[in-house]
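The structure's right below; bear with me while I get my questions together.
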Amino acid sequence: MRYNVAQLLKEPVGFQWDLQVNEEVLIEAGVRERVVGHVRLTRFNRGVWAKAGLDVEVDESCGRCLSVFRLPVHVCIDERARPSGPAEAENGELVIDRDGALDLRETLRQYLILNRPVKAVCQSDCKGICALCGGDKNLSPCQCQERPVEPRWAKLAALGSRRGG
């Protein structure tokens with residue numbers, strides 16, 4: 001997701017490049033993910049405007065059962081980039097380096113963080129884990145409720161059952 005835009009910067013304002021993306025990108029340390037979609041680079045008076053619609057599948061932990069699953073994430077990038085100069089990257093703005101390269105990898109990583117759900121679930125009817133034994137209820141029904149309470153905890157368990165839980 002690194003593009004040489006030196007030639008685009010020589011074009012008139014409004015000139016556009018439409019690019020198809022289908023490549024593996026290093027998202028986090030040691031984690032490469034396939035990114036598919038499109039990028040439109042538009043020349044404007046101060047640099048290049050990057051608009052992209054990208055699809056990525058990332059590893060995510062289920063918020064209920066804690067299993068790891070593949071989560072599809074759609075990212076819409078809408079950022080402007082300007083050639084590097086004396087005041088580099090103010091306000092987190094993208095910068096086109098001195099070689100004319102525009103690198104969207106860090107922007108993609110940040111947009112992926114923002115577009116992930118707060119509490120992702122592996123399936124809509126995920127049953128989660130048992131609060132007592134930690135078993136995954138999706139794999140098998142939990143049997144820990146049928147086990148006898150250890151004698152040392154019997155009085156405490158009786159207190160909980162009187163209060164409704």
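Predicted model only: the values in this text are computed from it and were never measured.
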With Val73, the side-chain contact (heavy atoms from CB on, under 4.5 Å) member among Leu54, Leu114, Asp55, Leu112: Leu112
Same apolar cluster (I L V M F W Y, side chains within < 4.5 Å links), Tyr111/Trp49: no
With sequence neighbours excluded, residues passing side-chain hydrogen bond (donor to acceptor under 3.5 Å, both in side chains) with Glu28: none
Partners passing side-chain hydrogen bond (donor to acceptor under 3.5 Å, both in side chains) against Arg34 (at least two apart in sequence or in another chain): Asn22
Atom pair CD (Glu79) and CG (Leu102), whose distance is rounded to the nearest 0.5 Å: 10.5 Å
Interatomic spacing from CD in Glu33 to CZ in Arg109 - rounded to 0.5 Å: 13.5 Å
Test ring pair (Phe, Tyr, Trp, His ring centres under 6.0 Å) applied to Phe69 - qualifying residues, sequence neighbours left out: none
N/O donor-acceptor pair under 3.5 Å between Arg82 side chain and Arg46 backbone: no
Residue list, side-chain hydrogen bond (donor to acceptor under 3.5 Å, both in side chains) with Asp99, at least two apart or on another chain: none
Please tabulate, for the side chains in residues 133-142, all donor-acceptor contacts under 3.5 angstrom to protein atoms that are two or more places apart in sequence or on a different chain.
from   : atom 1 : to     : atom 2 : distance (Å)
Asp136 : OD1    : Asn138 : N      : 2.9
Asp136 : OD1    : Asn138 : ND2    : 3.3
Asn138 : OD1    : Lys127 : N      : 2.9

Heavy-atom side-chain contact between Met1 and Val21 under 4.5 Å: yes
N-O pairing of Glu23 and Arg2 below 4.0 Å: no
Closest approach of Leu104 to Tyr3 (non-hydrogen atoms, all atoms of both residues): CD1-CE1, 3.9 Å
Sole candidate of Arg70, Arg32, Arg116 that passes salt bridge (charged side-chain N to carboxylate O under 4.0 Å, His left out) when paired with Glu57: Arg70
Gap separating the CD1 atom of Ile27 from the CG atom of Asp59, nearest 0.5 angstrom: 11.5 Å
Test log, rule side chain to side chain contact (heavy atoms under 4.5 Å, CB included), inputs Arg80 and Leu94: CA-CA 6 Å; Arg80 62 183 183 177; Leu94 281 173; over 6 Å; no
Hydrophobic cluster membership, Leu8 vs Leu19, 4.5 Å side-chain cutoff: yes
Partner residues of Asp103 under the side-chain hydrogen bond (donor to acceptor under 3.5 Å, both in side chains) criterion, sequence neighbours left out: Arg105
